[in-house]
Amino acid sequence: PYGMYAGIAVIDVETGEWGKLVENAPLYVDTRYVFSVSPNGVFLAYVDSYVDPAVLVVLDMRTREELIRHEVNGPGGDIVWSPSSNEFVFIIWGDGSMAVSLCALGTGDFRELLRDESRVLRLFSWDAEDRVLLGKSNYQTGTFNSSALPNEYWYLDPFTGELTPVPPP
């Protein structure tokens, strides 16, 4: 039957062949899966925010094997990989706050680095000096608004959670 569905697939640009990485599922809102491919092109991390509880999944794109499945406390996004592809940070929002967590692929460990109950957090990039560019903005109309433009920028140490202000340009 007709309907809107979301899935994740891979296309081999040399052969034109494609295959599903994540099965189609009904599309309840504008985005069902928030995903990111590792810099080395081997891993796919995605959050399925519309199952209860939401889950963070890491797949090996070569074998399509699920390496990690971790329940998370609410919708997620802003998945940002380390340059080495060994870990990534991501945001989960729920329970009236936003949290930044780290996932290490080698161990499958998850660790919350930062929680903020009054600001919208956004993650942008992870540089070669192991700094994650993080933006903070005020809530709009008392709700999370992921499109709100940050009015403060910080470097987040992805291993300690320490924040350092980004110097003005």
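This one's a predicted model, so the numbers in the text were calculated from it and none came from an experiment.
Interatomic distance, CG of Leu156 versus CG of Leu121, reported as 9.5 Å (0.5 Å rounding). Expressed to the nearest 0.5 Å, how far SG of Cys103 lies from CG of Asn86 amounts to 11.0 Å. Here CG of Asp130 is found 10.5 Å from OG1 of Thr160. Values are rounded to the nearest 0.5 Å. For the atom pair CZ of Phe124 and CG of Leu134, the computed distance is 8.0 Å after rounding to the nearest 0.5 Å. Rounding to the nearest 0.5 Å gives a distance of 6.0 Å between CD1 of Ile79 and CG of Leu56. To the nearest 0.5 Å, atom OG of residue Ser97 and atom CG of residue Asn73 are 8.0 Å apart.
Two residues are said to be in side-chain contact when any heavy atoms from C-beta on lie closer than 4.5 Å; Met98 and Val120 meet this criterion. A heavy-atom distance below 4.5 Å is found between the side chains of Tyr46 and Leu59. Trp154 places none of its side-chain heavy atoms less than 4.5 Å from the side chain of Leu133. Within the 4.5 Å cutoff, the side chain of Glu129 has no heavy atoms near those of the Tyr155 side chain. At least one side-chain heavy atom of Leu114 sits less than 4.5 Å from a side-chain heavy atom of Leu163. No side-chain heavy atom of Val37 sits less than 4.5 Å from a side-chain heavy atom of Phe43. In this structure, the side chains of Val42 and Met61 stay at 4.5 Å or more apart for every pair of heavy atoms. Between Leu123 and Val100 there is a side-chain heavy-atom pair separated by less than 4.5 Å.
Put simply, the side chain of Ser85 gets close to the backbone of Asn40: a donor and an acceptor are under 3.5 Å apart. No side-chain donor-acceptor contact under 3.5 Å links Arg69 to the backbone of Val58. Of the possible donor and acceptor atoms, one in the side chain of Asp127 sits under 3.5 Å from a partner among the backbone N and O of Arg131.
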>> Determine whether Leu113 and Val89 satisfy the following criterion, side chain to side chain contact (heavy atoms under 4.5 Å, CB included), listing intermediate values before the conclusion.
In response: CA-CA 9 Å; Leu113 299 172; Val89 290; 4.0 Å; yes
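Between Ala104 and Glu87, the shortest heavy-atom distance links the atoms CA-CB, 4.0 Å.
Annotation: side-chain contact (heavy atoms from CB on, under 4.5 Å) contacts of Ile92 (sequence neighbours excluded): Val72, Phe90.
A tilted orientation is assigned to the rings of Phe88 and Trp81, their planes being inclined by 30° to 60°.
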